Structures are given as structure tokens and as C-alpha cells.
Amino acid sequence: MAIDLHLHSTASDGTDTPADVMRAAADAGLDTVALTDHDTTAGWAEAAAAAREVGVVLVPGAEISCRWNGVGVHMLSYLHDPDHPALVAELSRTRDDRLTRARRMVSHIGSDYDLLWEHVLEHVGDDATVGRPHIADAMVARGLVASRDEAFATVLHNTSRYYRPHHSPEAALVVRAIRDAGGVPVMAHPRAGRRGRLVPDRAISRLAAVGLGGLEVDHRDHDPADREALRGMARELGLVVTGSSDYHGTGKLNRLGEFTTSPEALAAIVEQGTGTEVVRP
Ligand code: AMP
Ligand code: FE
Ligand code: FE
Ligand code: ZN
């Protein structure tokens with residue numbers, strides 16, 4: 001059983017359409033995958049149809065931007081009701097502000113580089129959540145940088161003069177909203193330090209007290225010591241442990257199935273998730 005619970009499509013900053021992600025998952029020999037686009041469920045319907053066709057089990061999900069004391073947190077949500085009003089309102093506010101923020105960043109970058117908002121829009125899918133990777137793609141297409149990675153190491157880095165933050169709700173509020181919507185909140189890559197500041201361990205125990213269900217432990221941005229520490233915390237707090245690729249198509253080096261989740265952990269998530277159905281072939 002190969003289970004990978006963190007995949008992105010063109011509904012956010014992945015480079016494969018939701019249907020292509022499902023086909024690629026089947027080709028990679030995965031049995032069960034979750035589509036977890038940033039701050040949206042827009043890819044679910046297309047992914048579900050393709051998953052049935054190619055014989056992959058689909059766990060509908062999302063990766064919700066939030067913050068803890070000013071530190072950015074990514075909260076994976078599995079099997080929540082996509083029409084739950086509070087969650088819908090939070091995600092739509094975040095997406096709106098991501099758009100404003102991306103336009104602002106591009107206007108700043110445009111004063112030093114040959115880049116316009118129209119160039120970036122060519123790389124954003126219909127209804128997609130806009131992010132820095134789309135700005136990177138436009139810069140690559142215009143020959144301003146060689147890759148997404150180079151763009152993130154320079155103009156798009158959190159410490160760059162062009163960087164702007166976007167709105168995101170408090171993590172505790174998001175955890176509660178996901179549970180209210182019948183979903184299962186799992187903190188994504190809690191020790192991915194390259195992306196900026198990390199949340200303290202105390203954040204994980206506080207969030208566990210308000211309904212956090214799991215920790216993404218096995219992820220390429222964690223070294224072995226981080227994984228051991230996170231596994232220990234999960235054991236102490238009774239949290240489910242997941243592992244996943246964080247696949248973004250050609251936008252990142254992450255390969256489908258490079259880290260996986262145990263069948264027992266998947267069963268615990270499916271048991272707790274009541275907001276929508278798992279899609280089975
Ligand atoms: P944003 O959500 O707009 O703040 O942009 C962050 C997103 O950019 C994350 O979801 C990552 O998937 C992606 N990202 C971060 N660093 C890199 C990198 N070095 N190469 C490619 N994508 C990256
Ligand atoms: Fe991403
Ligand atoms: Fe993430
Ligand atoms: Zn992700």
C-alpha cells in the first residue's frame with residue numbers, strides 16, 4: 001500500500017492539472033493520494049473523476065495558510081465539508097489577499113525587472129490560488145531567472161525587499177474550523193526551517209488541545225533528528241503521523257511517493273473525517 005497525502009495541482013502552485021496529478025500518481029504506483037492545494041478545494045471535482053478512471057483512491061484535502069504568533073503555519077485538512085460557511089469564508093479571504101499581495105510584489109519587482117502582472121497571469125490556472133511560484137514561473141519564462149528555485153533564493157525570498165506577507169487566519173481558529181467542518185487537521189512540515197521561522201513545540205501541544213489531529217513527520221524538508229523529535233511529540237500527544245511528498249509537478253524536485261503514510265494512519269484519518277467522502281474507484 002503506497003499512500004501519499006500531500007499533492008498540489010494547477011488549482012494552486014503545482015504544474016500538473018488535477019487530472020494529470022491523479023494519472024501521475026497511478027503511474028508512480030500510488031494506491032491512495034490526497035489533493036491538498038493551497039487554500040482551495042477547486043481541484044476536487046476534476047481530481048475525483050480522474051481518480052475513479054485511473055483506479056486511485058482520493059482523499060480530498062487542502063493546505064490552509066495560517067499563523068501562530070506571527071509565524072507562518074501550513075495546516076493540511078482532510079475530508080472537510082467544502083461548503084462549510086466559516087471555512088469557505090476564511091479560505092476566500094486568504095485567496096483574495098494573496099491576489100492583492102502578488103500584484104503588489106509584482107509591481108515592486110517590475111520597477112527593477114521587465115515583469116508585468118499580465119505576464120504572471122499567464123501562469124495562473126483558472127480559479128487557482130495565486131502564490132509566489134506563479135511569479136517565479138513568469139520570471140523563468142521571461143529569462144529573468146533560471147528556475148523557481150533561483151527565484152525563491154533571490155527576489156521571492158522571505159527576506160527579499162520585494163517580499164510581502166498575505167493575510168492568514170490564526171492556526172487555532174483554523175484547527176477548530178476544520179473540525180467543525182468534519183475535517184481532520186494535520187500540521188504540514190512543522191520543522192521545515194528553510195522557509196522561515198518555525199513554530200515552537202508549545203504551539204503543537206496547544207493546537208493538539210483544540211483539535212489538531214496529526215503531524216506530517218516524514219517530509220523532505222525534515223532531517224532525521226526533526227523526524228525523531230516530531231514522532232516523539234506525536235506519540236505523547238496522541239497525534240497521527242503522516243509522511244508525504246508535497247508534490248508540485250515540475251515546480252519542485254519532490255517526487256510522488258518519496259515519503260508515504262502508513263495504512264493505520266490513513267485509517268485513523270478516514271475514521272475521523274466526516275465532512276466529505278473518500279473517492280474510491
Ligand atoms: P506563497 O504561498 O506565495 O508564500 O509561496 C510559498 C510556496 O512556494 C510554497 O507553497 C512552496 O510550495 C513554494 N516554494 C517555496 N520555496 C520554493 C522553492 N525553492 N522552489 C519552488 N517552490 C518553492
Ligand atoms: Fe506550494
Ligand atoms: Fe506547505
Ligand atoms: Zn504543500
Side-chain angles (χ1 to χ4, degrees), residues 4-16 21 33-40 43 59 61-68 71-78 91 94-106 108-109 120 123-125 128-140 145-160 162-169 171 174 185-199 215-222 242-256 258-259 261:
D4 185 346
L5 297 182
H6 185 166
L7 279 60
H8 294 267
S9 75
T10 50
S12 64
D13 57 4
T15 59
D16 299 349
V21 173
V33 297
L35 185 71
T36 54
D37 276 304
H38 296 285
D39 303 309
T40 187
V59 180
E63 184 175 19
I64 302 180
S65 311
C66 49
R67 64 197 150 86
W68 168 272
V71 181
V73 172
H74 284 176
M75 192 64 66
L76 293 162
S77 173
Y78 298 112
L91 296 187
T94 299
R95 286 197 308 271
D96 286 352
D97 196 58
R98 276 174 162 281
L99 184 60
T100 308
R101 170 258 202 164
R103 295 188 70 137
R104 281 207 185 110
M105 282 185 67
V106 170
H108 281 277
I109 296 168
V120 175
H123 298 270
V124 183
T129 301
V130 180
R132 282 178 283 168
H134 300 111
I135 304 176
D137 289 348
M139 295 189 74
V140 172
V145 290
S147 63
R148 275 193 182 183
D149 208 44
E150 187 189 327
F152 270 91
T154 56
V155 279
L156 299 179
H157 197 269
N158 294 16
T159 59
S160 151
Y162 306 109
Y163 178 78
R164 297 288 180 280
H166 62 75
H167 161 82
S168 53
V174 168
V186 172
M187 195 188 287
H189 45 68
R191 294 274 183 120
R194 268 196 327 137
R195 300 162 188 250
R197 284 159 64 211
L198 289 177
V199 289
L215 295 179
E216 185 181 57
V217 171
D218 295 308
H219 184 284
R220 73 153 59 204
D221 293 356
H222 292 160
T242 67
S244 37
S245 64
D246 207 349
Y247 178 73
H248 281 69
T250 58
K252 275 187 171 183
L253 297 174
N254 310 32
R255 286 169 291 103
L256 282 165
E258 67 178 23
F259 292 101
T261 296

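Reckoned from all heavy atoms, side chains included, excluding hydrogens, waters and symmetry mates. For clarity, every value in this text was computed on a predicted model and none was experimentally measured. As the structure lists them, so they are numbered: ligands from 1, and atoms in each ligand from 1.
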Run the numbers for me: atoms of ligand 1, each under 4.0 Å from some heavy atom of [X], listed by number.
{"X": "Gly251", "result": "21 (C)"}
{"X": "Asp13", "result": "7 (C), 9 (C), 10 (O), 12 (O)"}
{"X": "Arg132", "result": "1 (P), 3 (O), 4 (O), 5 (O), 6 (C)"}
{"X": "His248", "result": "12 (O)"}
{"X": "Gly131", "result": "3 (O)"}
{"X": "Arg148", "result": "21 (C)"}

Heteroatom test (N, O or S) for His189 near the Fe ion (ligand 3), limit 2.8 Å: yes
Stepwise side-chain contact (heavy atoms from CB on, under 4.5 Å) check, Thr36 with Tyr78: CA-CA 8 Å; Thr36 54; Tyr78 298 112; 3.8 Å; yes
So how far is it from [X] [atom1] to [Y] [atom2], rounded to the nearest 0.5 Å?
{"X": "Leu156", "Y": "Thr159", "atom1": "CG", "atom2": "OG1", "result": "11.0 Å"}
{"X": "Arg255", "Y": "Tyr247", "atom1": "CZ", "atom2": "OH", "result": "11.5 Å"}
{"X": "Ile109", "Y": "Ile135", "atom1": "CD1", "atom2": "CD1", "result": "5.0 Å"}

Other residues, nucleotides, ligands: >12 heavy atoms within 6.0 Å of Arg101 CZ: yes
Heavy atoms from other residues, nucleotides or ligands near CZ of Arg164 exceed 12 (cutoff 6.0 Å): yes
Within reach of ligand 1, part of Asp246 (heavy-atom separation under 4.0 Å): neither
Residue portion contacting ligand 1 (non-hydrogen atoms closer than 4.0 Å) for Lys252: side chain
Options Ala136, Ala188, Pro133, ranked by nearest heavy atom to atom 13 (C) of ligand 1, top entry: Pro133
Test item, His8 contacting ligand 1 (heavy atom, 4.0 angstrom): no
Close approach of Arg98 to ligand 1, heavy atoms, under 4.0 angstrom: yes
Heteroatom proximity flag, His38 to ligand 1, N/O under 3.5 Å: yes
Arg101 N/O under 3.5 Å from ligand 1 N/O: yes
Distance flag, aromatic centroids of His8 and His248, threshold under 6.0 Å: yes
Residue His8, metal the Zn ion (ligand 4), N/O/S under 2.8 Å: yes
The Zn ion (ligand 4) contact by His6, N, O or S atom under 2.8 Å: yes
Donor-acceptor pair, side chain of Asp97 and main chain of His167, under 3.5 angstrom: yes
Positive for side-chain hydrogen bond (donor to acceptor under 3.5 Å, both in side chains) with His189, one of Glu63, His6, His222: Glu63
Minimum-distance N/O/S atom that His74 presents toward the Fe ion (ligand 3): ND1
Closest approach to the Fe ion (ligand 3) by Glu63, given as the N, O or S atom name: OE2
The Zn ion (ligand 4) - closest N/O/S atom in Glu63: OE1
N, O or S atom within Asp246 nearest to the Zn ion (ligand 4), by name: OD1
Leu253 side chain reached by Glu258 side chain, heavy atoms, under 4.5 Å: no
Derivation and outcome, salt bridge (Lys or Arg N to Asp or Glu O under 4.0 Å), residues Asp137 and Arg148: CA-CA 6 Å; Asp137 289 348; Arg148 275 193 182 183; 2.8 Å; yes
Distance-only polar pair, side chains of Asp37 and Ser9, donor-acceptor under 3.5 Å: yes
